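The chains referred to below are lettered A, B, ... by the order of the sequence lines, with proteins before strands, and numbering in each begins at 1. Every value quoted in this text rests on a predicted model; they were computed, and no experiment measured them. We use all heavy atoms of the structure for the numbers below, so side chains are in, but hydrogens, waters and symmetry mates are not.
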Amino acid sequence: MTDEQLINRFLGGEIAAFNTLVWRWETCLYNFALRYLGDRDAAREVCQRTFVRVHARLHHLRDASKLSTWLHQIVLNLCRDENRRQVRRKTVALQEIEKNGTCAVQAALLSKDDPEAEACRENLNELLNKALQLIPEEQRAVIILKQYRGMKFREIADLMKISESTAKSRMYYGLVGLRTVFEKWQIDKESLMI
Amino acid sequence: MKCNLTRENLMDYLYEEMGEQERVELEAHLQSCPACKNQVSEFREAVELLNLGTEETPAEKLTFVPNRGPSLRRFSWRGSTAGHIGLAFALGALCATFVLSLSKFEFSYSDGEFSGRFGAETHKEGPLAAMQPENELATRSELRSYREDAVHEVEELLRTSEERQKNEIRAVLRAFAEELQRQRRQDLEWVGQGLESYHLTNRADLQRTNQVLDRLIRVAGEQANQLQAIQISGGKKE
């Protein structure tokens with residue numbers, strides 16, 4: 001069943017259709033928030049608030065085919081709010097990451113069946129999320145949308161209400177920032193060779 | 001070729017959003033320009049590192065349950081007929097109490113009958129009389145009894161409130177469980193419908209295949225008969 005059909009069913013009073021939509025989009029939006037905020041609890045909270053807002057405003061969505069863009073707009077705004085709300089900024093324990101960084105990246109290339117690799121793969125996710133926290137928010141948002149959601153620069157520009165050129169520029173500087181972080185943590189192509 | 005690898009070009013090239021002609025030109029330039037080639041490979045490496053990240057599944061699934069029903073509305077005086085009647089009644093009762101208190105009206109109830117009289121006399125001893133030493137013991141015991149009553153009432157209220165909360169939680173959980181059950185049933189129905197349609201499609205395909213095979217067998221039989229007839233007629237001629 002398509003998103004459009006589910007929306008129509010929900011607007012017709014079928015709450016189960018809304019829950020199907022939630023289950024379909026939950027992982028995607030949760031991961032967006034997790035990469036943006038770098039904190040699981042905050043990501044869960046933002047994800048939940050996103051769906052509460054979607055529930056309240058779904059009847060305002062005129063073009064159901066733009067659901068993905070609309071959902072990402074909401075989660076992005078809520079992530080920005082959440083970041084503003086946090087008085088205590090998250091600090092990254094650089095030493096800890098530097099110690100474990102290379103190991104985590106190497107482990108990501110191990111076989112998927114290897115149980116030891118599974119734990120390290122989680123560390124790699126944490127490492128990448130922490131690296132993302134070290135670049136400015138607006139660049140981070142573009143990188144997540146491009147790299148992990150596979151959106152076109154045109155779509156990102158529409159979603160963030162910026163020009164396509166600005167989106168590419170933010171992507172460029174975001175990648176420059178990440179390269180600097182990876183260099184500092186001594187993570188490069190050679191460290192990936194096992 | 002002059003180096004004109006802009007930020008935008010680089011991003012377009014990395015994420016394959018570049019036109020074919022531009023891409024060919026840029027790749028030709030990269031072959032002859034080690035600086036640009038190096039820059040591209042550095043960015044590509046960062047992108048590859050990011051690609052190693054995987055998606056996490058949230059620890060708990062979100063499920064929305066419908067509201068229990070209309071919430072309690074705050075009573076509005078404005079524009080409400082019932083409100084106007086209530087206000088008038090309250091004001092009337094207040095005025096009546098005031099007038100009756102001025103005329104020393106005494107209202108009492110005994111043996112199932114209400115009685116009232118005007119001009120009741122006030123207590124001659126006055127309120128201070130109750131505080132005289134001979135009454136002190138009685139007053140203390142009364143206070144103790146009031147306090148016990150109050151404690152008892154508070155305990156009763158707490159117990160009632162706790163019971164009510166428990167009932168509410170029970171009702172919410174029951175609604176939640178029913179909703180889950182309903183969703184599961186619906187999901188199963190959807191799966192069932194899908195399987196049924198798949199089955200129908202398969203059956204139609206099989207029927208079509210059978211028809212084609214039947215036709216083939218019939219045609220082959222006819223051809224065999226024709227061949228046999230030809231052979232027989234050939235034999236007769238000989």
Chain B heavy atoms under 4.5 Å from F51(A): which part of the residue, side chain, backbone, both or neither? both
So does R182(B) pair up with E179(B), basic N to acidic O under 4.0 Å? yes
With a 4.5 angstrom heavy-atom cut-off, which part of Q186(B) approaches chain A: side chain, backbone, both or neither? side chain
Proximal component of L10(B), with respect to chain A [non-hydrogen, under 4.5 Å]: side chain
Taking the basic N atoms (NZ, or NE/NH1/NH2) and the acidic carboxylate oxygens, is any pair closer than 4.0 Å for R40(A) and E56(B)? yes
For E14(A), is it the side chain, the backbone, both, or neither that has a heavy atom closer than 4.5 Å to a heavy atom of chain B? side chain
Could you look at E8(B) and say if it's the side chain, the backbone, both or neither that has a heavy atom under 4.5 Å from chain A? both
Where is the tightest heavy-atom contact between L175(A) and I143(A), given as atom of each residue plus distance? N-CD1, 3.8 Å
Cationic N near anionic O, under 4.0 Å, R23(B) to E16(B): no
Find the one option among L14(B), T63(B), T57(B) whose heavy-atom pairs under 4.5 Å with chain A are most numerous. T63(B)
Answer yes or no: is there an ion pair linking E189(B) with R185(B), defined by an N-O contact shorter than 4.0 Å? no
What part of F153(A) lies closer than 4.5 angstrom to a heavy atom of chain B: side chain, backbone, both or neither? both
Would you check if there is a donor-acceptor pair between the side chains of Y15(B) and Q147(A) at a distance under 3.5 Å? yes
Leading residue by heavy atom contact count with chain B [cutoff under 4.5 Å; candidates K146(A), Q48(A), M171(A), H55(A)]: K146(A)
